[in-house]
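To find a chain, count down the sequence lines: A is the first, B the second, and so on, and within it residues start at 1.
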Amino acid sequence: MADSKRISKIILAAVIAFFLISWIIKGLAIHDEDSVLWFSVRDAFLITLAAFLTLAIFSFLYKDNPYYKFAENLFVGVSAAYWMCVGFWSTIIGNMLPNLSESLSSTFGVPYKGFNIFYIVPLILGILLLMRLSSKAGWISRWALAWIVGTTAGLNLVRYLRTDFISQVSNTFVPLLVDWKGFGAFYSGLSLASTGQFVMTLSNWVIFIGVFSGLIYFFFSKEHKGFFGVASKVGIWVLMITFGASFGYTVMGRVSLLVGRLTYLFKDWLGLIS
Amino acid sequence: MKLKIVVVLTMLFMGVWAMASAQESLETIAAPDSIQAAPLPEPAKELSAKDAPDDHGHAIDVTWAKSPDDGERLKNVIGYIVYRAANPDGPFEARSGLLLGTTSYTDAGALNEGENDFMPDYQDYYYRVRAMTQDSTVFADSDIFGPVQSYGQWYDKGKTAVLLLVAGFLFLTIFFISKARGGAELYVRRLAGIEAVDEAIGRATEMGKPILYVLGLGTAADIATIASYTILGRVAKKVAEYQTGLIVPCYDPIVMTVAQETVRTAYLDAGRPDAFNQDMVYFVTNQQFAYVAGVNGVMLRERPATNLYMGKFYAESLILAETGVVAGSIQISGTDEISQIPFFVVACDYTLIGEELYAASAYLGKEPLLLGSLKAQDYAKAGVIILAVIGFISLMLGYHDFVDFFHVTG
Amino acid sequence: MSNIGLIISLIVIAIGLLWLFILSLRGKEVERRIIFLFIGLSVSVPLLFNITFSEKATPIVMDVFNKVENLPAGSKILLSYDYGPSMAPEVEPMSNAFLRHALAKGHRVYVMCLWATGQSLAATAIDSVVKKDFPDKVYGVDYINIGFKAGGTGVLNVIITDFRKMYLTDVDGRDLDSLPIFNGIRSLKDMDLLISIGGGYPGVKEWILFAGSQGNIPTAGGCAAVSAPLLYPYYPKQMVGLLGGIKGAAEYESQLKKVYKRFEKSPTPGIKMMGPQTLAHLIVMAFIVIGNISYFVSKRKRS
Amino acid sequence: MKRQLPLMLVFVFGFAMIIQYFIPHQASEWVNAFFMDWMMIIGVFALALGIWSLTKVSWDKVKYKKSNWQYAIVTLAGLFLMIFFGFDYFRHFSTPVGSNNYMYVKFYQHIVIPIQSTMFSLLAFFIASAAYRAFRARSLLATLLLIAALVIMLRFNPLLGPLQPIMEDFSVWLLNVPNLAAKRAIVIGVGLGMVATALKVILGIERAYLGKD
């Protein structure tokens with residue numbers, strides 16, 4: 001126990017020393033005659049800090065460790081505050097205040113739009129929500145919650161139906177025989193070109209059967225037996241092929257992200273590549 | 001005098017030459033170098049204008065028939081410009097750019113007074129369409145049409161398909177729920193992912209370890225999150241009965257508030273209000289990856305026996321699920337976010353795919369009322385399949401009205 | 001020196017994989033940290049040692065290249081930068097390659113944007129490519145940047161008949177008529193090739209529908225990998241060709257290098273990005289194979 | 001009052017929003033715009049609750065010296081430093097709305113952004129470990145998953161030689177056709193599930209979230 005504590009202390013010292021040296025070297029590297037010394041020191045610090053945090057997160061891949069814990073907790077705190085400030089400045093000051101109070105608007109330097117009584121409502125609802133902090137009157141906050149849940153449920157019910165559901169249903173109406181001019185023409189013009197009749201017709205059939213069997217798979221009140229059994233099996237096959245394909249396709253994007261991160265380390269921090 | 005004659009003669013000559021060349025081919029006319037004065041084209045015909053349907057007002061649809069010289073005869077009309085005035089005598093101002101290959105235009109203005117281009121409702125407007133040639137000084141104006149007024153509608157006819165669907169589905173749901181209330185037995189097939197939830201809670205109790213419930217990155221506005229609350233309610237009730245621990249880190253503060261209320265209710269239902277602690281459900285941060293970092297920390301340090309991911313998830317899904325594997329937890333996930341389902345399928349023990357997430361709350365509750373709505377969903381799916389078959393047949397027969405009905409506008 | 005490092009690292013990776021392969025034949029599982037290590041290596045080795053794979057241009061990319069190549073010198077090519085910073089890593093290599101190719105061939109290049117965010121990206125790209133590789137090319141004679149105009153497809157509807165209804169000046173406020181490159185240019189129809197880079201809205205699709213097909217002007221595109229499948233249906237009828245994602249960019253760059261010796265030393269970010277991509281894909285596939293072997297071996301052992 | 005009124009509010013506003021969707025009139029758009037605005041404003045109040053929750057949980061950790069309590073101090077320090085910088089406005093009345101405090105911006109650029117993109121890039125590692133573990137031909141379904149993934153990944157392989165264009169065409173087809181069909185089936189199912197859930201909430205059948213007492 002005492003040993004492992006000593007080892008982690010040594011590691012800590014080594015890490016601190018390493019990043020201090022890196023800071024100094026970076027500072028020397030970016031400093032030239034024209035730049036102010038303090039700016040070089042500061043910029044070098046920020047680059048080194050970002051590199052340290054990057055490596056601290058990567059160290060999580062080995063195992064959970066104090067450096068990851070440090071980065072994680074710092075990240076949580078800073079980001080929560082960041083969004084709090086953004087919300088306050090852009091929404092409360094930028095959006096609500098100009099509709100409520102002239103004097104406060106001018107204090108914060110936002111153009112006053114005229115008093116609008118409708119902006120009292122969210123203020124009241126917001127205060128109702130804050131009543132949660134009181135143990136006695138906490139139930140009042142449910143009024144605000146009820147408004148939020150009701151509105152969003154109604155809002156999304158129809159909007160989702162329109163944007164996704166109906167457009168997907170209507171797009172399923174595809175001709176199962178593309179440019180059909182009889183079997184003779186079909187055979188003579190047979191080609192594997194992606195815009196050819198054969199591939200288009202085949203694709204439309206796959207789409208039709210895929211959607212059909214996929215929907216059968218999602219039937220809850222029918223036992224998957226007989227016809228339903230076969231159809232739902234085809235459905236889950238199509239789903240699995242799709243999942244595999246999407247997975248394989250995503251690898252590229254994820255590798256690009258890692259390339260971006262390592263480029264930062266190798267180029268911006270260590271200067272190994274140009 | 002002589003000069004005048006020369007000019008007139010030249011112009012005459014050019015006019016004749018231009019006319020002759022105009023009839024040769026479209027290419028010569030379309031050529032950019034042809035700057036000769038073209039002969040006057042015929043104006044557009046049958047101009048008409050009416051309030052744009054199914055909208056918020058402040059817009060007028062203008063239609064006209066092609067000028068006879070558009071594509072035929074002189075072939076010198078290349079497009080049209082729509083003009084509008086408040087009086088039949090003018091002044092007319094251009095309301096469109098040069099419109100190509102179309103004979104209709106929606107003249108829309110701003111909605112509110114004081115904005116640029118404000119177009120008040122219930123006011124008379126007069127329209128005129130100008131047929132343009134390659135040479136912007138050679139054009140022909142149509143007759144004036146008017147007066148016409150714009151106004152807003154109270155029902156959008158383009159959304160009838162949605163209305164019918166909502167009404168039909170509402171009817172189905174109420175019908176099956178009242179049937180279920182009447183005591184009818186409704187069969188529901190088993191869903192492995194949901195049966196696993198009960199087992200997983202039992203396992204956590206045996207191991208004396210907590211359960212981690214992640215509501216995802218959805219905001220209070222996502223219906224997937226609403227579905228997740230109800231699952232959380234059922235899980236929390238069981239957890240309270242078994243006296244296992246529960247950890248619910250939240251991404252959205254409103255979701256956190258609702259989740260706290262949900263868990264409190266569940267503990268009350270289980271008869272253990274004393275065991276409820278508000279801090280079981282807490283806020284982490286509403287930044288995607290900071291939230292993930294925090295939840296990862298919880299997984300590796302508290303070592304929950306079971307991780308449940310229910311709701312909306314984005315790129316973080318795989319980070320969460322893989323860390324859960326490292327921590328050795330049983331993992332059950334459910335999301336309607338299609339792009340993330342593959343990662344959950346690959347990394348979790350059980351995954352509720354899409355609609356199964358919405359069915360889960362009904363399953364866990366086993367309440368007839370909720371099962372009734374599942375039955376309604378099934379009938380609606382059967383309806384979609386039938387519609388698709390009808391659509392396919394009607395396309396075969398060349399009858400497009402049926403398909404067009406489902407192309408919702410607006 | 002770097003070659004030795006490269007060879008050593010590749011040998012290390014190969015031996016490592018071989019060793020894991022042998023272990024898998026005994027039914028052993030690979031620890032996840034070893035997989036992580038291999039992924040880290042597969043991305044950083046190509047980055048550090050600049051490994052590149054020769055990319056052979058596929059027909060859909062080759063068609064774009066040939067179109068640019070076979071136009072007579074002095075042809076007019078319009079490049080539209082329709083993307084923002086988040087898409088830039090994937091598509092910027094394409095726009096740079098197009099710019100290089102067109103200028104090297106002696107074409108006149110007209111740069112514009114349908115995305116507000118494209119304007120500054122276009123300006124920096126022109127600065128970095130033209131000023132460095134083509135110091136003799138003159139702004140306003142060989143190339144021009146007319147910048148961004150709001151309106152999306154509306155802009156296309158107008159400039160297909162008349163540029164000057166939308167654009168009176170270039171991006172720096174110079175009168176178009178004072179710049180020789182715009183002599184005799186009236187509309188998009190005077191262009192010999194339109195190239196849109198960026199797969200969002202408005203993007204390649206809108207250029208095809210509202211400009212290319214409308215005015216019968218050859219149109220080509222470059223887009224992020226995600227949007228490529230949505231554009232394939234337009235090829236080859238309405239679209240000359242398409243560069244899809246970083247792979248399309250890499251193919252174009254290698255073709256460019258093959259034909260033009262002068263670009264041997266030019267940066268090829270597309271090809272560079274493909275090194276880590278290819279190696280990482282190979283590693284992931286290798287691990288899938290290893291996983292299956294150890295699965296079957298241990299299954300047989302048990303039974 | 002504690003339970004009936006909220007249920008009524010849900011019902012009334014739920015249906016109001018559904019009806020609002022079918023009315024194109026300006027008045028209806030106006031209601032919608034207001035509601036969206038309100039939601040944003042209430043969201044900020046809720047965020048205050050969130051910050052309170054985060055502070056309380058972290059503070060309790062420090063106070064009761066729970067495990068890893070030292071790191072809770074880091075959270076609190078980050079939180080309050082950033083809030084301090086973000087509200088620094090009160091000392092600089094000249095800055096425009098929003099926080100342009102130098103340290104606030106730098107903290108964001110050099111702490112939030114690098115950690116965020118590094119967390120995101122961890123996916124490159126996890127995608128490999130997940131593929132290794134899960135893509136095994138255990139069953140027919142797992143095999144389909146595995147083959148589809150391999151086919152798509154192979155499109156990148158320069159070693160394939162002349163087979164590569166065919167592989168590419170096939171992977172594009174796979175992404176465009178079966179992929180589209182499956183996604184469509186999921187979307188249609190999800191749509192119905194959403195409507196059913198929303199209806200249950202509006203009708204008051206599903207009310208777990210509203211508390212009981």
Side-chain angles (χ1 to χ4, degrees), chain A residues 46 49-50 53-54 57 69 73-81 84-85 87 89 91-94 96 110 118 122 125-126 129 139 142 146-147 149-151 153-155 157-158 160 164-165 168 203 206-207 210-211 214-215 218 238-242 244-245 247-249 254-255 257-258 261, chain D residues 2 6 9-10 13-14 17-18 21 34-35 38 40-42 44-47 51 54 71 74-75 78-79 82-83 86 97-99 107 110-112 114-115 118 120-121 123-125 127 141 144-145 148-149 152-153 174 177-179 181-182 184-185 187-189 191 194-195 198 201-202 210:
Chain A
L46 289 173
L49 173 70
L53 292 171
T54 302
I57 296 290
K69 287 180 198 166
N73 282 278
L74 183 68
F75 190 22
V76 166
V78 170
S79 66
M84 178 73 212
C85 296
W89 291 114
T91 307
I92 300 289
I93 301 298
M96 190 175 85
V110 283
F118 293 102
L125 287 173
L129 204 61
W139 56 272
R142 281 182 211 158
W147 180 81
V149 172
T151 311
L155 191 73
L157 190 153
V158 272
Y160 193 86
D164 285 336
F165 182 79
Q168 293 295 340
S203 302
V206 171
I207 289 177
V211 173
L215 282 177
F218 285 116
V238 177
L239 287 182
M240 282 301 159
I241 291 174
T242 303
F247 191 102
Y249 194 71
R254 303 305 184 234
V255 170
L257 293 169
L258 184 58
R261 235 24 237 160
Chain D
K2 282 184 178 177
L9 283 178
V10 170
F13 283 104
M17 290 315 277
I18 295 177
Y21 170 76
F34 260 115
F35 276 25
W38 293 1
M40 300 258 296
I41 295 171
I42 298 171
V44 180
F45 282 94
L47 204 49
I51 298 283
L54 178 63
Y71 299 100
V74 178
T75 308
L79 182 72
M82 196 67 171
I83 287 184
V97 170
S99 184
F107 258 47
H110 290 91
I111 294 178
V112 175
I115 302 188
T118 312
F120 203 176
S121 71
L123 278 169
F125 298 98
I127 212 166
L141 289 183
L144 285 174
L145 196 73
I152 298 284
M153 279 193 264
L174 210 56
V177 178
N179 191 24
R184 216 165 253 174
V187 166
I188 291 173
M194 274 193 177
V195 176
V201 166
I202 293 171
L210 270 185

- Carefully, step by step, assess Phe45(D) and Ile92(A) under the rule side chain to side chain contact (heavy atoms under 4.5 Å, CB included). CA-CA 9 Å; Phe45(D) 282 94; Ile92(A) 300 289; 4.1 Å; yes

Comparing Val201(D), Ile152(D), Leu174(D), Ile51(D) against chain A, the one with the most heavy-atom pairs below 4.5 Å turns out to be Ile152(D)

The interface call for Val195(D) against chain A, heavy-atom contacts under 4.5 Å, is both

Applying a strict 4.5 Å limit to non-hydrogen atoms, the region of Phe118(A) in contact with chain D is both

Turns out that what part of Tyr71(D) lies under 4.5 Å from chain A's heavy atoms comes down to both

Smallest heavy-atom separation, Gly189(D) atom then Leu215(A) atom, equals N-CD2, 4.4 Å

Distance col, row Met84(A):CE vs Leu47(D):CG, nearest 0.5 angstrom, shows 5.5 Å

Chain D shares the most heavy-atom pairs under 4.5 Å, among Ser79(A), Gly214(A), Gly77(A), with Gly77(A)

Nearest heavy-atom contact between Ala181(D) and Gly210(A) is CB-CA, 3.8 Å

Residue from Ala153(A), Gly87(A), Pro122(A), Ala80(A) scoring the most non-hydrogen pairs under 4.5 Å with chain D is Pro122(A)

Rounded to the nearest 0.5 angstrom, the CE-CG distance for Met240(A) and Leu144(D) is 8.5 Å

Of all heavy-atom pairs linking Gly154(A) and Ile18(D), the shortest is O-CG1, 3.7 Å

If you tally heavy-atom pairs under 4.5 Å between each of Thr118(D), Val10(D), Val44(D), Leu79(D) and chain A, the highest tally belongs to Thr118(D)

Cut-off 4.5 Å, heavy atoms of chain A, and the answer for Phe35(D) is both

Could you go step by step and tell me if Ile115(D) and Thr54(A) meet the side chain to side chain contact (heavy atoms under 4.5 Å, CB included) rule?
CA-CA 6 Å; Ile115(D) 302 188; Thr54(A) 302; over 6 Å; no

The reported gap from CD1 in Ile57(A) to CZ in Phe120(D) (rounded to nearest 0.5 angstrom) is 14.5 Å

Nearest heavy-atom contact between Ile83(D) and Ala81(A) is CG1-CB, 3.5 Å

Bottom line for Ile202(D): the part with an atom under 4.5 Å from chain A's heavy atoms is side chain

* To do: Quick one: do Ile111(D) and Leu74(A) satisfy side chain to side chain contact (heavy atoms under 4.5 Å, CB included)? Show the steps, please.
  => CA-CA 8 Å; Ile111(D) 294 178; Leu74(A) 183 68; 3.9 Å; yes

So, the part of Leu54(D) with a heavy atom under 4.5 Å from chain A: the answer is side chain

Closest heavy-atom pair, Arg254(A) versus Leu123(D), reported as atoms and distance to 0.1 Å, is NE-CD1, 3.4 Å

Interface check, chain D: of Thr91(A), Leu129(A), Thr151(A), Val206(A), most non-hydrogen pairs under 4.5 Å belong to Thr151(A)

With a 4.5 Å cut-off on side-chain heavy atoms, are Phe247(A) and Ile127(D) touching?
yes

The reported gap from CD1 in Ile41(D) to CG in Leu125(A) (rounded to nearest 0.5 angstrom) is 10.0 Å

For Ala146(A) and Pro6(D) the tightest heavy-atom approach is CB-O, 3.3 Å

Under 4.5 Å to a heavy atom of chain A? For Ile42(D) that would be both

_Trp147(A) and Phe13(D) aromatic ring geometry - parallel, tilted or perpendicular at 30°/60° bounds_ = perpendicular

dist Met17(D):CE -> Leu157(A):CG (nearest 0.5 Å) comes out at 11.5 Å

### Task
Report the C-alpha distance between Ile207(A) and Arg184(D) in whole Å, list the side-chain angles of each, state the deciding distance to 0.1 Å, and finish with yes or no for side chain to side chain contact (heavy atoms under 4.5 Å, CB included).
CA-CA 9 Å; Ile207(A) 289 177; Arg184(D) 216 165 253 174; 3.7 Å; yes

Value for OH (Tyr249(A)) from CE (Met153(D)), rounded to nearest 0.5 Å, stands at 14.0 Å

So, the part of Met40(D) with a heavy atom under 4.5 Å from chain A: the answer is both

